[in-house]
Asks: 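Take a look at this one; I'll ask things after.
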Amino acid sequence: MVFASLPDLEEGDPIAAAEDLIASGRAQDAARALRARLGSGRGGLLAQLTLVKALLAAGDAEAALAEAREMVSLNPQVAVAVLALGEALLAADLLPTAIAELQRALRLDPDLMRARELIALAWLKAGEADKALEHLRSLENPPADMIAACEAIKTAPRSDPGYVRHLFDQFSADYDQRMIGELGYAAPQILFDLAGMVMPGRDQLAILDLGCGTGLAGAAFKPLAARLDGVDLSPSMMEKAKARNIYDRLDVLDLETALGAQGLAYDLILAADTLVYLGDLRRVFEAAHARLATDGYFLFTVEKADGEGFDLGPKRRWRHSEAYLRRLAEDAGFSVAGLVAAQPRREANVPVDGFAVALRG
């Protein structure tokens, strides 16, 4: 029964028959039949391209990527083969590499409009609305839903999750060295010192590390933890955190989603240099308050804004004013246990002014 579709590829046009299977929702059958055909020495580049398409339609991005890489190794200067590799990389969420291959496909064939659309989609998934719009505007009929998604990103009161994930996936390989060596990253130690002031003698805590990255804050707070959980948007950063072997649980999640879920009540919630990717913090404060145990604390750093609210800085990092933080804390049911001036990192060798904040639930 698995191979019922195989005879369909033996009569007439086998590629058209495979395309019909894909269109009718039988992408897996099409992939099996094409693999059998290619395995018997029949079929060339067009069959390989259709196989990649079938695997993508079946939701098997890993297999599609393997087939596409093999195909491009044999056809490195064929634009449609490179395009298929770019599409497979995009389906696997390997965004920087996908963009590079799609750009290479365009260099091989500047009229390949599908490559332009996929580059726009890749930038959109990465949260880079302006770059996505640049490519969409080069299309004769750009998809209206993609244009709308770009405009929504540009007006949202927070950094797009795709942008944050893309940013930190890129930085994961040398993140610790870059943060500590180049940027003088001090947020974990600042928060640890603040914890010692506002909750002295407390240990054996259930701790949630929001935007845990590679685990720098987790490592600082591990001595106080009976349980240490972490969440982060970047799978690559999570692999680094997992390698530290200090967390009891790690989840690849947006922090608002993680806080809003039902689960353990924490004694301490941390956000070291994480809230700079959110503008409006109201939902975060309310959700953090709901996830704290009795007499729990929410500790975080932010960059400093003047005035009464928040704004987006030149490095696409949100800044928050003291007045805004105090107002939201009160609205969410917190008391302010500590709010002190701090410099969590440097930028171009200049200390960045910010706050370290301790809120008591």
Asks: Taking Asp209 for the side chain and Asp229 for the main chain, is one N or O donor matched with an acceptor at less than 3.5 Å?
Replies: no
Asks: Without swapping roles, check the side chain of Tyr324 against the backbone of Gly307 for a donor-acceptor pair under 3.5 Å.
Replies: no
Asks: Answer whether the closest heavy-atom distance between the side chains of Leu65 and Leu85 falls below 4.5 Å.
Replies: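 Result yes, sub-4.5 Å side-chain heavy-atom pair found.
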Asks: Is it true that atom CD of Glu151 has more than 12 heavy atoms of other residues, nucleotides or ligands lying nearer than 6.0 Å?
Replies: yes
Asks: Would a distance-only check, ignoring hydrogens and angles, find a side-chain to backbone donor-acceptor pair under 3.5 Å from Lys304 to Gln343?
Replies: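 No; zero donor-acceptor contacts below 3.5 Å.
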Asks: Is Leu278 close to Leu255 at the side-chain level, that is, under 4.5 Å between some pair of heavy atoms?
Replies: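 Sidechains of Leu278 and Leu255: in contact.
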Asks: Give a yes-or-no answer on whether the side chains of Arg26 and Ser24 include a donor-acceptor pair shorter than 3.5 Å.
Replies: no
Asks: Looking at every heavy atom in both Ala337 and Val198, which two are closest together, and how far apart are they?
Replies: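 Ala337 and Val198 have their closest heavy atoms at O-CG1, 3.7 Å.
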Asks: Of the non-hydrogen atoms in Leu108 and Ala79, which two are nearest, and what is the gap between them?
Replies: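 Scanning both residues, the minimum pair turns out to be CB-CB, 3.8 Å.
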Asks: Does Ala271 offer a backbone N or O that forms a donor-acceptor pair with the side chain of Thr274 under 3.5 Å?
Replies: no
Asks: To the nearest 0.5 Å, what is the distance between CG (Leu94) and CD (Glu101)?
Replies: 11.0 Å
Asks: Give the cluster check for Trp123 versus Leu83: same hydrophobic cluster or not, with ILVMFWY residues linked at side-chain heavy-atom distances below 4.5 Å.
Replies: yes
Asks: Looking at Ala187, is its backbone amide N or carbonyl O close enough to the side chain of Thr301 to form a donor-acceptor pair, meaning the two atoms are under 3.5 Å apart?
Replies: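 No: the side chain of Thr301 does not pair with the backbone of Ala187.
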Asks: Measure across Ile22 and Ala57 and return the closest heavy-atom pair with its distance rounded to 0.1 Å.
Replies: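 That would be CG2-CB, 3.9 Å.
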Asks: When hydrophobic residues are tied together by side-chain contacts of less than 4.5 Å, even through go-betweens, does Leu124 share a cluster with Leu106?
Replies: yes
Asks: Any carboxylate oxygen within less than 4.0 angstrom of a Lys/Arg side-chain nitrogen, looking at Asp306 and Arg319?
Replies: no
Asks: Got a sec, which residues hit ring pair (Phe, Tyr, Trp, His ring centres under 6.0 Å) with Phe334, two or more places apart in sequence or on another chain?
Replies: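 Checked Phe334 against ring pair (Phe, Tyr, Trp, His ring centres under 6.0 Å); matches are His289.
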Asks: Provide the full list of salt bridge (Lys or Arg N to Asp or Glu O under 4.0 Å) pairs with a residue in residues 276-285, sequence neighbours left out, each pair given once.
Replies: Glu256-Arg283, Arg282-Asp331
Asks: Got more than 12 heavy atoms from elsewhere within 6.0 Å of CG, Asp203?
Replies: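 Enclosed.
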Asks: Say whether Leu118 and Ile153 are linked into one hydrophobic cluster, either directly or through other cluster members, by side-chain heavy-atom distances under 4.5 angstrom.
Replies: yes
Asks: For the CD atom of Glu117 and the CG atom of Leu112, what is their distance to the nearest 0.5 Å?
Replies: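 Here the interatomic distance stands at 11.0 Å.
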Asks: Which heavy atom in Ala54 sits nearest to a heavy atom in Ala27, and how many Å separate them?
Replies: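 Smallest heavy-atom distance, with atoms named: O-CB, 3.4 Å.
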Asks: Does the pair Ile207 and Leu270 meet the rule for a side chain to side chain contact (heavy atoms under 4.5 Å, CB included), with working shown?
Replies: CA-CA 7 Å; Ile207 301 175; Leu270 302 172; 3.9 Å; yes
Asks: Taking Leu292 as the starting point, is it possible to reach Phe285 by hopping between hydrophobic residues whose side chains are less than 4.5 Å apart?
Replies: yes
Asks: How long is the straight-line distance from CD1 of Ile190 back to CZ of Arg345, given to the nearest 0.5 Å?
Replies: 12.0 Å
Asks: Does Glu67 come within less than 4.0 Å of Arg69, counting only side-chain N to carboxylate O?
Replies: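 Answer for the salt bridge query: no.
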Asks: Under a 4.5 Å cut-off applied to non-hydrogen side-chain atoms, are Leu268 and Leu299 in contact?
Replies: yes
Asks: List the steps and the verdict of side chain to side chain contact (heavy atoms under 4.5 Å, CB included) for Asn75 and Leu45.
Replies: CA-CA 8 Å; Asn75 303 276; Leu45 177 60; 3.8 Å; yes
Asks: Val252 versus Asp232: any side-chain heavy-atom pair under 4.5 Å?
Replies: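 Side-chain contact under 4.5 Å: no.
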Asks: If a pair satisfies ring-ring contact (aromatic ring centres under 6.0 Å, His included) and one of its residues is in residues 193-223, list it, with sequence neighbours excluded.
Replies: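 For residues 193-223, and leaving out neighbouring residues, the ring-ring contact (aromatic ring centres under 6.0 Å, His included) pairs sorted by first residue read Phe192-Phe221.
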Asks: Can you list the steps and then say if Cys212 with Val231 is a side chain to side chain contact (heavy atoms under 4.5 Å, CB included)?
Replies: CA-CA 6 Å; Cys212 64; Val231 299; 5.9 Å; no
Asks: Measuring only between side-chain heavy atoms, which start at C-beta, is Leu205 closer than 4.5 Å to Met199?
Replies: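 The answer is yes; the side chains approach within 4.5 Å.
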Asks: Got a second to check how far Leu281's CG is from Leu325's CG, nearest 0.5 Å?
Replies: 7.0 Å
Asks: Taking Thr214's backbone N and O only, do any of them form a donor-acceptor pair with Arg244's side chain (distance below 3.5 Å, no angle check)?
Replies: yes
Asks: Would you say that Leu49 contacts Val80 through its side chain, given a criterion of any heavy-atom pair below 4.5 Å between the two side chains?
Replies: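 They are in contact (side-chain heavy atoms under 4.5 Å apart), so the answer is yes.
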Asks: Please walk me through it: do Arg37 and Leu51 pass side chain to side chain contact (heavy atoms under 4.5 Å, CB included)?
Replies: CA-CA 10 Å; Arg37 185 174 182 83; Leu51 174 56; over 6 Å; no
Asks: I'd like to know if the side chain of Asp60 reaches the main chain of Ala63, judged simply by a donor and an acceptor atom lying under 3.5 Å from each other, with no hydrogens or angles considered.
Replies: yes
Asks: For the pair Arg202 (side chain) and Leu224 (backbone), establish whether a donor and an acceptor sit closer than 3.5 Å, ignoring hydrogens and angles.
Replies: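 No; judged by distance alone, with no hydrogens or angles, the pair does not exist.
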Asks: Would you find a donor on one side and an acceptor on the other, under 3.5 Å apart, between the side chain of Arg317 and the backbone of Leu312?
Replies: no
Asks: Show your working on salt bridge (Lys or Arg N to Asp or Glu O under 4.0 Å) between Glu87 and Arg114 and close with a plain yes or no.
Replies: CA-CA 10 Å; Glu87 187 162 5; Arg114 177 63 174 163; 2.8 Å; yes
Asks: Do NZ/NE/NH1/NH2 and the carboxylate oxygens of Arg116 and Glu134 come within less than 4.0 Å?
Replies: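 Here Arg116 does not pair with Glu134 in a salt bridge, since their nearest N and O are not under 4.0 Å apart.
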Asks: Crowded around Arg327 CZ? As in, over 12 foreign heavy atoms under 6.0 Å?
Replies: yes
Asks: Ignoring hydrogens, what is the shortest heavy-atom contact between Gly260 and Ala287? Give both atom names and the distance.
Replies: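 That closest heavy-atom pairing would be N-CB, 4.4 Å.
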Asks: Check whether any side-chain N or O of Asp13 sits under 3.5 Å from a backbone N or O of Ile15 as a donor-acceptor pair, and report yes or no.
Replies: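 Between the backbone of Ile15 and the side chain of Asp13 there is a qualifying donor-acceptor contact (under 3.5 Å).
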Asks: Transitively linked via ILVMFWY side-chain contacts under 4.5 Å: Phe300 with Val352?
Replies: no
Asks: Between OH of Tyr297 and CZ of Arg360, what distance do you get to the nearest 0.5 Å?
Replies: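 Tyr297 OH to Arg360 CZ: 4.0 Å, rounded to 0.5 Å.
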Asks: What is the minimum heavy-atom distance between Gly215 and Ala241, and which atoms define it?
Replies: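 Distance-wise, the nearest heavy atoms are N-CB, 4.2 Å.
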Asks: Are the side chains of Lys242 and Met237 in contact, using a 4.5 Å heavy-atom criterion?
Replies: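 Contact flag for Met237/Lys242 side chains = no.
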Asks: Can you confirm whether Arg227 sits close enough to Arg249 that some side-chain heavy atom of one is under 4.5 Å from a side-chain heavy atom of the other?
Replies: yes
Asks: Which label fits Phe310 and Trp318: parallel for a plane angle under 30°, tilted from 30 to 60°, or perpendicular past 60°?
Replies: perpendicular
Asks: Calculate, to the nearest 0.5 Å, the distance between atoms OH and NZ belonging to Tyr247 and Lys222 respectively.
Replies: 9.5 Å
Asks: One thing to verify: whether Arg326 and Glu330 come together as a salt bridge, which I'm taking to mean a side-chain N less than 4.0 angstrom from a carboxylate O.
Replies: no
